[in-house]
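Here the structure comes first, spelled out in structure tokens, and everything after it is commentary.
Values below: every heavy atom of this structure, side chains too, minus hydrogens, waters and symmetry copies. As the structure lists them, so they are numbered: ligands from 1, and atoms in each ligand from 1.
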Amino acid sequence: MSAVAAAALMTGATAADAACDDGEIVIKFSHVTNTDRHPKGIAATLLMERVNEEMNGKACMEVFPNSTLYNDDQVLEAMLQGDVQMAAPSLSKFEQFTKQFRIFDLPFMFKDINAVDAFQASETGQAMKESMVRRGLLGLAFWHNGMKQMSANVPLESPADANGLKFRVQNSEVLKAQMAALGGSPQPMAFSEVYGALQTGVVDGQENTWSNIFGKKFFEVQDGITETNHGIIDYLVVTNVDWWEGLDADVRDQLGAILAEVTEMRNGESTKVNEEAKQAVIDAGGVVRSLTAEQRNEWVEVMKPVWDQFRDDVGQENIDAAQAINA
Ligand code: LMR
């Protein structure tokens, strides 16, 4: 990394401004969220800082947050074209490439992020990182965000309150089915468009984690957020198979080792980051509604039948494994 790039980092300028030195392998990392108070934003920045310090002269990472380079609908195609080397889209965004990740979108499948972590650490979970290799994409690590909450422009207490509303969803068949089960109308849309769509009434509501609801200020344009904890957002750090295999072994090993350390360190903090984001929503005047156990059970009863539509895609044995972890 050049002195200019180092200075840019120290002054907090975006990494996208940082110039790489001649001869360094340039690693562009594109993502869609904000950088602070966000599990992915913090992890990507830390990864960049460590690569640029420890691999100086060999490799140089530039992180492009907030969809400034690509949104999640474009980034995987760009990666296959060789225009970007790393990204961490949510698992819901791999719909075109594999159906295996559908298990992560099923409502009420995992009781918390620790359960997701345990499932991913299993042999089945680890094998999922390689499920798209023949399509040119290799998963390097799972990064955690957190549990999803529901919000709308009307109070949501019982699932009946969602009936007839338009909900933004990520482009995932499971998430579309989940909103349809509520009697809602699912509207797939890029993350970067959600705030505007909520503000103008193109959609009435959305589901997301506290860090995304705070980071993109969705709470400002919603009646409130209901703490449903009904699903999860988790990420796959992904790269182009040919690019990864084309790296010299020592570079690949060092990059892989740094990524593994960053993953372990930041995944352990993801729940805390989301709790802080929830508090920040409240401090900023956002309305947060909790559910009694009875009320939450109503949501479970309406949404959980969605599993039946996707049992064949995800495999009963995987559902059983996830449920055993929850127990
Ligand atoms: C979304 O599209 O809502 C999320 O996947 C965004 C993100 O990367 O957390």
Within-4.5 Å side-chain heavy-atom neighbours: Ser30 and Tyr70
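Counting from C-beta outward, Ser30 and Tyr70 do come under 4.5 Å.
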
Under a 4.5 Å cut-off applied to non-hydrogen side-chain atoms, are Lys176 and Asn171 in contact?
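Contact flag for Lys176/Asn171 side chains = yes.
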
Does ligand 1 have a heavy atom under 4.0 Å from the side chain of [X], from its backbone, from both, or from neither?
X      : answer
Val194 : neither
Asn208 : side chain
Lys148 : neither

Apply the test ring pair (Phe, Tyr, Trp, His ring centres under 6.0 Å) to residues Phe110 and Phe119: give CA-CA distance (whole Å), side-chain angles for both, the deciding distance (0.1 Å), then the verdict.
CA-CA 9 Å; Phe110 296 97; Phe119 182 82; 5.5 Å; yes

What's the shortest distance from atom 7 (C) of ligand 1 to any protein heavy atom, and which residue and atom give it?
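For atom 7 (C) of ligand 1, the nearest protein heavy atom is Tyr235 OH, 3.4 Å.
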
Subset of ligand 1 atoms that lie under 4.0 Å from at least one heavy atom of [X]:
X      : answer
Val32  : 6 (C), 7 (C), 8 (O)
Asn212 : 4 (C), 6 (C), 7 (C), 9 (O)
Ser90  : 5 (O)
Phe191 : 1 (C), 2 (O), 3 (O), 6 (C)
Thr33  : 7 (C), 8 (O), 9 (O)

Could you tell me how the ring of His38 sits relative to the ring of Tyr235: parallel (under 30°), tilted (30 to 60°) or perpendicular (over 60°)?
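Rings of His38 and Tyr235: tilted, as their planes differ by 30° to 60°.
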
Sub-3.5 Å donor-acceptor pair from the side chain of Gln149 to the main-chain atoms of Thr209, do we have one?
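Judged by distance alone, no pair lies under 3.5 Å.
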
Between Arg102 and Glu95, does at least one N-O distance fall below 4.0 Å, as a salt bridge requires?
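Looking at Arg102 and Glu95, the cut-off is met.
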
Could you tell me if Lys217 sits above the aromatic ring of Phe214, with its cationic atom closer than 6.0 Å to the ring centre and no more than 45 degrees from the axis?
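Checked: cation-pi criterion met.
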
Polar side chain donor-acceptor pair, Gln316 to Arg311, under 3.5 angstrom
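Yes.
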
Among the heavy atoms of Lys40, does any lie under 4.0 Å from an atom of ligand 1?
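Contact check Lys40 vs ligand 1: positive.
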
Just going by heavy-atom distances, which of His31, Lys93, His38 is nearest to atom 4 (C) of ligand 1?
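Result: the heavy atom closest to atom 4 (C) of ligand 1 is in Lys93.
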
